[in-house]
Every structure is written in C-alpha cells, then in structure tokens.
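Here's the structure, in structure tokens; my notes come after.
Letters A, B, ... mirror the listed sequences (proteins, then strands); counts begin at 1.
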Amino acid sequence: MKLYCLSGHPTLPCNVLKFKSTTIMLDCGLDTTSVLNFLPLPLVHSPRLSKLPSWVCKDGTINLEKELKECAGRVFVDSQPEFCLPERELLDLSTIDVILISNYHCMMALPYITEHTGFTGTVYATEPTLQIGRLLMEELVKFMERVPKAQSATCWKNKEIQRMLPGPLKDAVDVWTWKRSYSMQEVNSALSKVQLVGYSQKVELFGAVQVSPLSSGYSLGSSNWIIQSHHEKVAYVSGSSLLTTHPQPMDQSSLKNSDVLILTGLTQMPTANPDGMLGEFCSNLAMTIRAGGNVLVPCYSSGVIYDLLECLYQFIESANLGTTPFYFISPVANSSLEFSQIFAEWLCHNKQSKVYLPEPPFPHAELIQTNKLKHYPSIHGDFSSEFRQPCVVFTGHPSLRFGDVVHFMELWGKSGLNTIIFTEPDFSYLDALAPYQPLAMKCVYCPIDTRLNFHQVSKLLKEVQPLHVVCPEQYTQPPLTQSHRSDLMLELQPPPMPYRRCSVLNLPFRRRYERVYILPELANSLVPSEIKPGVSMATVSAVLHSKDNKHTLQSVPKPPPVPPSKKRKRVMEEPPVVLAPKPLLSGAVPLEAFLATLQKHGITEVKVEETADGHILHLQADDTLIQLEEDGTHIVCDNNEPLRTTLRDLVLRFLQKL
Amino acid sequence: MPEIKVTPLGAGQDVGRSCILVSIGGKNIMLDCGMHMGYNDDRRFPDFSYITQNGRLTEFLDCVIISHFHLDHCGALPFMSEMVGYDGPIYMTHPTKAICPILLEDFRKITVDKKGETNFFTSQMIKDCMKKVVPLNLHQTVQVDDELEIKAYYAGHVLGAAMVQIKVGSESVVYTGDYNMTPDRHLGAAWIDKCRPDILISESTYATTIRDSKRCRERDFLKKVHESIERGGKVLIPVFALGRAQELCILLETFWERMNLKAPIYFSTGLTEKANHYYKLFITWTNQKIRKTFVQRNMFEFKHIKAFDRSYADNPGPMVVFATPGMLHAGQSLQIFKKWAGNEKNMVIMPGYCVQGTIGHKILNGQRKLEMEGRSTLDVKLQVEYMSFSAHADAKGIMQLIRMAEPRNMLLVHGEAVKMEFLKGKIEQEFSIDCHMPANGETATVTTNPSVPVDISLNLLKREMALGGPLPDPKKPRTMHGTLIMKENSLKLVSSEQALKELGLNEHQLRFTCRVQLQDPHSDPDTLNRIYTHLKSVLKGYTIQHLPDGTVMVESIVIKVSSSAEDTSTKVLLLSWSYQVKHFYFYNVISSNTRAVKRLILIAINRQISIVNHD
C-alpha cells in the first residue's frame, strides 16, 4: 500500500492511496496562496495600481517592466493570477479510479485533475459539498472572467530570471506548473463526474474496497473517509471540527481501530481561539461603525460567514447597530444563502429542530427579510444605487487579489476611519495587504479557524487509537515562528510518518486475510472436529472462484467419467491426475496401543527396541522396521506394497489429519 | 436452514393500517405502524396482541421503521409506542419526522375533539412518541445494533417517502413502503440499486392498472377543471395537506398563468403555508428540476392560490378548492362536499385512492345516496370524477422495481387480494421467483441459503490465484486445500502448515523408506551422479537436486546410494519419501551406459508408491 502526496499544503491536501488494486485520490485542494505574488485585479480602473513603477534589477540586467511591478518594496507579477496545482508528474492521473472529496474547500483543483488528464473515474462527495463547491468554483471563475487581463506573464518564470528576483517570488516553487483559473465549462464537466453520497453510506469500489464518508463537523456536508476492506482500515481525516457551529457534529467513533490514519486539515491558527476571535470581530465592527467608518470583511461565500451572520444577528440589537446596512456581495451570494437553508440533514441538532417547525435553520433568512442584510451579485448594478455608508461589507476573495473586495480596498483604504477585519485563516494578512500599502485603514486580524487544534487531535488520536499516523511534515515540528512551542506539534508513539509534496510513502501495512464465501452446499459437507474446547477445525477441499474481487469456494465437482481411450498413450504424455494432496499429520503414535492394533491385524512377531527418542519396532517376519518417535514415524519396508499400505493406515489411525 | 418470516398485521391483502413484522437473522422489525381509515373501532389499528398478549413490545422488537408520513403508515404509532408500550428506536427520514407529528395531531383532533372519542392518544403522547424517533438519511447505512443494519432509498410518492433495506449478515429484506416509479411535477422517481434482497416486500395498490402517460392524465384533469369553471361550477378537490396537493397546485398554478384565468383557487386553511414551507426547506427531496431552479424561483410560492375560509364556500361563482382530508371521511373536505353535493354544475375530483368505508370510496363506486351521521341522507348530484394522481407504482412500475433490485422472493402487501393474485401470477411467470401475499396475521416463510463468510489467509489465496495465472479459467476449476479453524465466532481458512502453527499442534512426520538393489560397477558417487544426470534428462519439469550430502532429491523423494564393503558393484538404492509426497511419475530410471540395464521404475502415484525391478 502506497501513498503519493501531490500537495504540500497541509489544509489543502491532495494524496493518492493505492490500496488493494484500487487507486484512490483523497481530496484535491488547490493552493491559492500563489496568487499573493500577483497584482490585484481591480473591477474599476485603478490609477494607483496602473501607475505602480516597474521593477528593475539593481544592476539593471533584467528589465521586465511589463511583467513585474513594485509596490512598497515588494515585487508583484502583473498578470492574471495563477494557482499552484497538485503535482501532476508523480503518477499517471488517468489511472485514478475514484476521488473522495472531504469538503468544498478541498475540491477546488478538481477540474485540473478530471479534465485533460484522461481521468475516467468517479468523484464521490456529499450533496452540500457538491453544491457549495460548485458555487465557490463559479465565483472564482466569475471573479476572473469579469476582468479579463490580456497579459499573461511568463518571462519571470525563467529559472535564470526567477533566481534574481527578490523574495518571496524567488522562493516560489514549481512556478512553471502554475495555472490560470479554469472555465465554467470545465467546472461543469468536472462536477458531472460527481456521485453523491450520504454520511455512513457504504460505497463498494470494484468489490475490493469499501469507502464511507463520516461527518467531520467542519462545514456543511464535510466528511472524513473510511477506506476499508474486511481486514484493513484506513481513516482519512481532513478538515474536522469539534466546535458546535452549524454542521452536524463530528463522528469520532467510526474512526476507531484503523491501521493507518491519514491526518490533514488541522487548524492553521493553533493559538487563536475561535470564540475569542468572534468576540473581537464583533467589538471591532461595532467600534468602527460607531466612529462613522466602514467595515470590510474579506471572506469566502460559504462557511464561516454563516456563523458570522448568526453572531451578528444576536449582536446587532444589543450593539445598537439596527440601522447599519450589512452587504454581502458575491456572484453567488444569493445562492449561498439559499442553499444553506435546505440542507437540514447535514446540520447540527439545534438547527435541525428548527426545520421541523418549519423555520429556516439559519437566522440570516430573517436578516434578509427585515432588510438588515442585503446581497448583490456585484458592486455594479443595484448595489451602486442602494449603497449607504457607514456599512459592513462581506465580500471576496480573501486573498484581496481579485473579486469585489479589490474595489473596496481602493475605495476605503485611504481613510483611517475604516477597518478591514480578516476572518479567513488561509492567507497571511500582511501579504494580502502588501500591494495596497501604504494604507491608512485599520487592520484587525481575527482569523476564525474551527478545525482541530493539536490538543484536540492528540485527545482524538488517543481515543481512536490508529496503529500508524501519516501527516504533513508541518505537523511534526513546531511552527517556524514559534519554535519553542512543542505543544504545537504532533507527538505520538510510534512517531507519525511525515509527508511533503512529492513524497511517496510505503504504508506499514501487512495484509494477512481476505474474505471468501463458502457456498452453502460446501459448508454443509464440511466435517468439523474439535481440537480443544471451543476450537474446531475442518479440512476444506474446494474450487475457488474469483469474480469482481469476490471470492467464493464451491464443492469440487465430480470428475466426468473418463471415456475409455482406444489409443494407448505413452505414460509421459498423460497429465498427472490432480487429486487431493495428503493432509499434514499431527499427534503421536502411542506404543502400546499401536502394538495392540498390529496384533489385531495379525502382525505378532514384533521386537521392540528402545531408543533415545522413542522405539524401533522390528517386524521380523517381513524384515520391516517401524521407527516410532514423538514427532515422526518411519516405515522401512522393501518390496512389499500391501504391507506398507496396511502399516500406513494403522499409523494414520492414531494421527490427526489437517 | 435460516428463515425469514414476514407477517402483516395490517395491509395484508388490504389497503390501510400498514404494519408488517419481519423476523430476520434473529431480529424482529416492525415496518410501518398505520391506521385504517375505513374503520372507527378496534380494527382501526393493527392487532398488536399478535406480538405479545402481555403488554409492552420493547423486548419483542429491535426497531420500528416508518416509510412515510401518510396516516395509513404511521397513524397507529403513538398508540403502539405510548399506549401499548414500545421504547426502542423508531426510524424515519427527516421530512417524515417533521411532518408526521402534524398529521397525527390533526388526526387526533378530528377523532377526539370532533367525534368525541375517548381512550385515544393525547398530544403529549405524540410528542413522547416522536422523541423515540431517530432520523434517517438517504443511503446512509444505520447500524441498529452490531448485526442489524438498515438503509433508506428514495421512494417518490410523497415528500420524504423512503424504501428501506434491512440487512442481517448476508440476509436482507427490502420494504418499499409506497413508491412511485415515474417522476411527477414535484417528486422524483423511486430508485434502488441491484441489492438482491431475499425478499422484496412491495405495495401493490395499482397491481392491475397500467396508467396512461402522466401528461394525458394531467391534460384530462385540467380540461375537467376548466370546463367546470367555464360553466360557473365549483370544483372540490379533496387532498391530503401534503403531497398530491402540492403537485396539483403546481399544475393549476401554471395552467392559470398560461390561460390567464381569474377564478379563485383556494387551499383549505391550517396546513397550507406550513406545508409549502416544508417543501421549501426539504427541497432536496423534490425532483431535479425544482431543485435546480429553487434559488431563482421557488415552485412552492404560489401566486394564484390563496388561503380558504369556511365562508367562501357559499360565495357565488366558480372556484376551485383544495380541502383536506383526501378521502372525504371527515373534516373540511366533507363539510364542503355536503354543501356542494346537491348541485350538478359542481364537481368533485378525487385525485387519489379511497379506502373502503369512506365517503370517497362510496361515491367513486357510483353511490348516489349517502347515509350521513344522524340518519340523514345526502343526494349526490354533482359530478364525480376520479383521477389517478395518487403516486403509486402501477403494474409496470412494480415490475420495473423487481428488475432493479433482483429479489429472490417477492411479497405483496398494500393492495386488494384479487388484484394481487393477478400480479403474483405475472411476477412468477416473468421472473420465475416465488411471490407471497399473506393475509393479516398470516406468516410467509422464506428459507434463505446464505454463504458462510470466512477469512482466508492471503498466502493461501495468493498461492491459489497464482496457480491459475492472472485469469481464472472457468473450464479448469482448480481445487484448493486448506484447513478451516473455528474459534469462538471467527472462521479462518489457512494452509495446513499454518493451521498446525495456529492450533499449537506438532507435526508428525510419516516417512517410508525402501531399498532397491542394482548392479553397477562404478563407485557410489558415480552411480548417484549417473542416476542424477539421467533423471534430469528424463524428468523435465521436476525439481531434481544433487545435494552435497550425497543424496539426490526428486521433488521430496530422497535417493541415496550405498554398497557393501564386500561387493562394491552391488548397490543398494535407498528411496525415502514422506506421506505427503506429491503425485508424479518416475519413469525409466536407467543407467543406460551400464551393461546391466536395470530398469527401475518408481511410480509414485497418488497414494501408493511402488518400486518395480526389471531385469
């Protein structure tokens, strides 16, 4: 069993598991941090961005004035932003049988994998994962297509040139494999390969392996996966949460007793408490509004935003923000809000019981009804006429490189009254803000990452007790910036097996057994004998049938009578008759009883001689020796076949056959 | 032989009070727990005393599963769980769990408040009963206990309707509940995978009907409503608040819009808004088209359909009224019916099946004079139309489901005996499987013949697979041999060698030796060498080894040569083999270069080894 690791990003994993002749891809996360190296894509022409100076190498040898711009000491690529894809050279992607998706954040690379690689398999995901994943992809495509950029910068990727660039561009890896966004057509084609599954549904793959999604508590429809055969069990843990937010709680017990547990998607903010962050979010928001400023919240269109809105729903009145407009701007804002209300089965208990009333599970329905929350597909159109300040705007993309958020950065960045509050943990806020410097607006960083922290995961692992743990190498050492925090890493016995991008791990797995079915006819014909109390055995001779990776044992058919052949064939040509091989023997032959038996069969002249290990019986009439020992019997008999056969049968009477 | 037993307590050769007991692999499961709308006495509920005479059912049932929210499938649930007594799990889908208590409460109100019956379940009992409900998701495998697992499939029929697969070990039963094999305006079609259950328990409401295309029926319905409205008549459509009602509302709503009609459409009060809200929140259970477009336009927000008030019934002019309940046995639909029955311009359209004993059933059978409570009679002058909109599978659909699931046996419930008999014949003829149709209280028994799952050691399996090459040849079955070890509950099939080890047994070697004399002037090692060379050339394909300790091994047969000190040309060949020696032939072991040609034929065939010496 092997694990091919195609992504080095611990929360956006992409691994391929080869297990029992199946090739299973676990998630296909898209590393979007690469877009931080690019200039933002403004929706409205931005004089500031277009006037940025070109970057010129100190010695003047490199001049890529069209491709590289400088802003506040950092260099950015002026081009359509590109993403860092999962590794595509490590193994032939067309051999992948299935892709298991754990949550909508971990499927963003799907079109790159399923299209143009010869992939012919099936993708398994839950319904919310598919629907919301589709929305996030659609949003990404629209963000990019709305502001087409003719230029595609490639010269900077030249190895010689890249070497000369300042960091972080210099250190970016595999830049040649970076790709632009996919098209909506590719998204639709990729998603048409998705087969929906429900939690705890058992999906058979080729009869060899069974996969089953389990609730992971992180987002709507998010799942961990169990990949198992009758005797082996691999648990794949991706983004999981033990906090009570909106999704169904995490199913922990089903992860028990796995041979290997692949652990990914831990919190990216191990030191930030989500509840504390939420409090800070609210108080900063209120403070800014009271002071007459606007609040910008760069966020994804699904996920934590539901919790933020719910929190605000309770907070608005008490903070006296009843008249402040809240705007949610995204091409998929409406769909995301609507979809969140129809997945009752995938919600936590509290929300489920609301649906039984019947009431919408999320209170943002009421915020919309009372006009406190308004959603728009973009800043163009209705929004521009209805827009009132001061206000709170939720919009994407959290990288601040594309989407409507770019416009608000340009609009509000110059005033110290305004505040940008970062809640998404995927991007470093300093990097995100870099192309907007110098900036007057206040920045508040309260990342909310509900995924498991190291403390929770240690406790979880103690409970579910996997034999081996595989995890990204980042989890096996403390974060670089906090190297003294040994509590911010996984410490396990045996130590976890770390992986990085392009690793190929041999998983410590020994398969010993396989399931086989004995057909009733054969089962009835077996004769068990008891070896010791509670343990019996039976010898089985049967025909093995293997079909679709299912094995059955059938009774041996009686051979058809051999038609008498007229031609005499040479003995050599006759194939050996296949008959049951003789069983192994066990036990010992007791001397006295054996002698008595011999006597019964008319063999009386027996001379017994004692040896170190047993006895030698000399049958004097036939010049035959029988050597009886604890673990063996040796019959020395010359040219007397009948006697040998008799003796053999007598000996066998005392022995157990296996 | 293991058996599966199925006993209907209700719905056996009948429609109403569905309640079917299944015994499988030592587990007892109750499928549905419905009431009969044709009766007002004890026959209203299934006869639970069949299960036990002395009270509580908890210890006799492992679980109860409710297929959908119609009262003939869940109406007896609070009675069973709270009044007879059952504390185990009750499984149903989320929409059923949401809607079922509302209908039960409705039913209770009609029975207790309107008819004044006592000794009936209370609101509190409905609540307590619902606390025992465990929600079920589609396709989720729910482990009821270590052995019993259940899985729900989409059934169409009404919002949240499910078919269930019940599985213990390798034995399984599928219960369809009520289902629909053709998608309609708001629901999708039932679907199941090829799960090959031992028994498929199917409803057979429309066992003999093959309904014409849905479009035709819809056009017919619209035409009838339209004609009636045109001539100023009032149209009453008795429905159940959830289900058919929504489909017909969607139908009329679009028709009204297209034809620009002005006549009001009403929906009887109470459930309307709420019912539509359930549809909005459980939109994932509706058909694909509605699901796809719900963000832009929610099909369950009706523009033309307004809430009904009792006073509207006397308004002049045409109108269409949807009123509950659907079989005209009580409530608002019955009240309106009484008001409108006398006018031949009016029309009642029965869009679903009516249980025997209900007014709906009577008028559909052409009865024109009805005896009402208080000995009054009612003359029925209005037009009575029957439109089969009720979403059950027809004969074609039932056959289609059988083809999908490939059951080993068939069992029909929820239908009329005569019609079942007809369908049974058809099924047995087309699929060559047994078809049962037990009456209430009668038990159908099916013997199953499950294979025995065993863990085979991979070594043994791989050895066996390797022998046959990558592709097993069906014409040449290979026989494999192993030892089955039965310990506690585990069954392991291993090679004999491994079995010895695992059982802690010592191996007993049984060997045979025989001596053969031959004349050969060469030295002992030479003789042996010549034998070796010769065997090598003759016995191709066998493992022949010349070992340094002065022995030749042919497979596991050991050959040694010795000679006596006095007569060095008389050699003694020692042949030694073990009991397990593999069968093969020795042929012509000849030292051809020697003058004295002795032919030694050593034949080791199967169970006997014979040495023949020829001069």
Side-chain angles (χ1 to χ4, degrees), chain A residues 127 198-202 334-335 338 341-342 344-345 355-356 358 511-520 523 526 528 531 534-544 546 556 571-572 576 579-588 631-639 641 644 651 655 658, chain B residues 94 97-98 137-141 274 277-278 281-284 294-295 449 451-458 461 464-465 472 477-488 493 496-497 499-500 503 505-515 579-580 582-585 587 606 608 610-611:
Chain A
E127 180 159 15
Y199 286 149
S200 306
Q201 180 176 349
K202 295 174 178 171
N334 185 25
S335 300
E338 288 287 334
Q341 305 287 21
I342 64 159
E345 281 102 322
V355 176
Y356 294 154
R511 292 181 50 220
R512 288 205 175 83
Y513 289 98
E514 177 66 275
R515 184 54 62 94
V516 65
Y517 293 89
I518 299 187
L519 290 189
L526 296 179
I531 299 286
V535 181
S536 341
M537 50 144 257
T539 52
V540 180
S541 288
V543 176
L544 174 72
S546 301
V556 182
V571 189
M572 280 292 281
L579 283 168
K582 304 272 193 29
L584 291 184
L585 303 173
S586 173
D631 58 354
T633 302
H634 193 172
I635 299 172
V636 182
C637 171
D638 292 344
N639 211 357
E641 186 60 34
R644 185 169 29 237
V651 168
L655 298 174
L658 279 106
Chain B
H94 283 276
K97 186 183 170 188
N137 293 337
L138 281 185
H139 300 168
Q140 171 193 20
T141 308
K274 234 174 160 182
H277 221 88
Y278 279 115
L281 292 172
F282 286 112
I283 207 112
T284 53
F294 91 102
V295 177
N449 213 353
S451 302
V452 184
V454 161
D455 297 336
I456 187 170
S457 109
L458 210 57
L461 183 71
E464 207 51 44
M465 306 252 282
R478 307 180 311 270
T479 311
M480 69 170 294
H481 307 278
T483 304
L484 189 65
I485 303 176
M486 291 161 256
K487 200 161 40 180
E488 283 145 23
L493 183 60
S496 308
E497 294 87 351
L500 275 180
L503 294 170
L505 300 175
N506 66 317
E507 190 185 348
H508 190 98
Q509 293 274 355
L510 176 56
R511 290 195 70 81
F512 303 91
T513 299
C514 91
R515 288 165 296 192
Y579 171 64
Q580 287 88 5
K582 294 256 169 57
H583 40 272
F584 59 85
Y585 303 89
Y587 187 64
N606 188 21
Q608 57 184 2
S610 50
I611 311 285

Measure across Y278(B) and V355(A) and return the closest heavy-atom pair with its distance rounded to 0.1 Å.
-> CE2-O, 3.7 Å
For V295(B) and S335(A) the tightest heavy-atom approach is CG1-OG, 3.7 Å
Exercise: identify the closest heavy-atom pair between H508(B) and L655(A) | CD2-CD1, 3.5 Å
Hey, could you give me the OG/CG distance between S200(A) and N137(B), rounded to the nearest 0.5 Å?
-> 8.5 Å
Portion of R512(A) that has a non-hydrogen atom of chain B nearer than 4.5 angstrom | backbone
Can you name the closest pair of heavy atoms from P453(B) and Y517(A) and give their distance?
-> CB-CE2, 3.6 Å
What distance separates R511(B) CZ from I635(A) CD1, expressed to the nearest 0.5 Å?
-> 11.5 Å
Out of A523(A), G534(A), G198(A), P520(A), which one racks up the most heavy-atom pairs below 4.5 Å with chain B?
-> P520(A)
Residue from E127(A), M537(A), E514(A) scoring the most non-hydrogen pairs under 4.5 Å with chain B is E514(A)
Rounded to the nearest 0.5 Å, what's the gap from OG1 on T539(A) to CG on L493(B)? Could you check?
-> 10.5 Å
CG of L505(B) to CG of L585(A), rounded to nearest 0.5 Å, is 11.5 Å
Closest non-hydrogen atom pair, L584(A) against E497(B) | CD1-N, 3.3 Å
Side chain, backbone, both or neither: which part of F512(B) has a non-hydrogen atom closer than 4.5 Å to chain A?
-> both
Under the ring-ring contact (aromatic ring centres under 6.0 Å, His included) rule, collect the residues that match up with Y199(A), sequence neighbours excluded.
-> W346(A)
If you count heavy-atom pairs under 4.5 Å between each of V454(B), T483(B), I283(B), T284(B) and chain A, which one has the most?
-> V454(B)
Working for side chain to side chain contact (heavy atoms under 4.5 Å, CB included), residues L544(A) and L461(B) = CA-CA 9 Å; L544(A) 174 72; L461(B) 183 71; 3.7 Å; yes
Where does V556(A) contact chain B at under 4.5 Å (heavy atoms): side chain, backbone, both or neither?
-> side chain
Highest number of heavy-atom pairs under 4.5 Å with chain B among E338(A), Q341(A), Q201(A), K202(A) belongs to Q201(A)
Non-hydrogen atoms of chain B under 4.5 Å away: do they reach the side chain of I342(A), the backbone, both or neither?
-> both
Could you go through the side chain to side chain contact (heavy atoms under 4.5 Å, CB included) check for D455(B) and R515(A) one step at a time?
-> CA-CA 5 Å; D455(B) 297 336; R515(A) 184 54 62 94; 3.0 Å; yes
Non-hydrogen atoms of Y356(A) and H94(B) that approach each other most closely | OH-ND1, 2.8 Å
Would a 4.5 Å heavy-atom cut-off, applied to side chains only, mark P528(A) and L484(B) as touching?
-> no
Pairwise distance CE(M486(B)) to OG(S536(A)) - rounded to 0.5 angstrom | 5.0 Å
Where on V651(A) is there a heavy atom nearer than 4.5 Å to chain B: the side chain, the backbone, both, or neither?
-> side chain
When the 4.5 angstrom heavy-atom criterion is applied to E507(B) and chain A, the contacting part is both
Counting heavy-atom pairs under 4.5 Å to chain A, which of I485(B), L500(B), N506(B) comes out on top?
-> N506(B)
To the nearest 0.5 Å, tell me how far L458(B) CG sits from R511(A) CZ.
-> 5.0 Å
Apply the test side chain to side chain contact (heavy atoms under 4.5 Å, CB included) to residues N449(B) and L519(A): give CA-CA distance (whole Å), side-chain angles for both, the deciding distance (0.1 Å), then the verdict.
-> CA-CA 9 Å; N449(B) 213 353; L519(A) 290 189; over 6 Å; no
Do the side chains of I518(A) and S451(B) get nearer than 4.5 Å, heavy atoms only?
-> no
